[in-house]
Participant: 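My questions will all concern the structure given below.
In this text the structure is predicted, and so the values were computed from the model without any measurement. The figures that follow rest on heavy atoms only: side chains count, while hydrogens, waters and symmetry mates do not.
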Amino acid sequence: MSKRYNITLPDGIAQVLEHWAQIENNKPSTLAAFLVERAVRETMEQGKVPQPWEIEGIDAQKQGLE
């Protein structure tokens, strides 16, 4: 299951995201979701946040985190 989040970006960052998405022939929201997922995965790999199986109540396999 996926979750939806609303975020607010500074105008300059939003403009760059929109331009980047256009270059990639993508939607800004899809690109933003990809970037957030990549950042979270990298942060887990660096050990800055716990792995999914270390967080109570998360089924890592079911959530696509393994």
Side-chain angles (χ1 to χ4, degrees):
M1 178 197 247
S2 298
K3 291 203 175 216
R4 291 182 176 264
Y5 292 93
N6 291 318
I7 63 169
T8 302
L9 299 172
D11 289 341
I13 297 296
Q15 289 173 342
V16 171
L17 180 68
E18 290 171 8
H19 181 73
W20 184 2
Q22 187 176 21
I23 290 170
E24 299 285 331
N25 198 27
N26 210 336
K27 295 179 184 177
S29 58
T30 304
L31 178 57
F34 166 78
L35 294 171
V36 169
E37 180 178 350
R38 185 173 72 180
V40 170
R41 289 181 184 277
E42 288 175 1
T43 302
M44 286 188 306
E45 288 174 8
Q46 294 169 1
K48 293 181 180 179
V49 296
Q51 295 292 326
W53 54 87
E54 298 173 327
I55 301 173
E56 187 176 329
I58 292 183
D59 181 344
Q61 187 175 21
K62 196 175 198 181
Q63 301 302 323
L65 296 169
E66 288 188 325

Participant: Identify the two heavy atoms, one from Pro28 and one from Leu17, that lie closest to each other, and give their separation to 0.1 Å.
Facilitator: O-CD2, 3.9 Å
Participant: Restricting to side-chain hydrogen bond (donor to acceptor under 3.5 Å, both in side chains), what partner residues turn up for Lys48, sequence neighbours left out?
Facilitator: Gln46
Participant: Applying side chain to side chain contact (heavy atoms under 4.5 Å, CB included), name anything that partners Glu54, two or more places apart in sequence or on another chain.
Facilitator: Pro50, Gln51
Participant: Just to verify, what does Thr30 make a side chain to side chain contact (heavy atoms under 4.5 Å, CB included) with, not counting sequence neighbours?
Facilitator: Asn26, Lys27
Participant: Please list, chain by chain and in numerical order, all residues satisfying side chain to side chain contact (heavy atoms under 4.5 Å, CB included) with Ile7, sequence neighbours excluded.
Facilitator: Leu9
Participant: Step by step, would you call Glu37 with Arg41 a salt bridge (Lys or Arg N to Asp or Glu O under 4.0 Å)?
Facilitator: CA-CA 6 Å; Glu37 180 178 350; Arg41 289 181 184 277; 3.0 Å; yes
Participant: Output the rest of the hydrophobic cluster of Ile23: all Ile, Leu, Val, Met, Phe, Trp and Tyr residues reachable through side-chain heavy-atom contacts under 4.5 Å, sorted by chain and number.
Facilitator: none
Participant: Can you list everything that forms a side chain to side chain contact (heavy atoms under 4.5 Å, CB included) with Arg38? Sequence neighbours excluded, please.
Facilitator: Phe34, Leu35, Glu42
Participant: Which ILVMFWY residues can you reach from Tyr5 by hopping between side chains whose heavy atoms are under 4.5 Å apart?
Facilitator: none
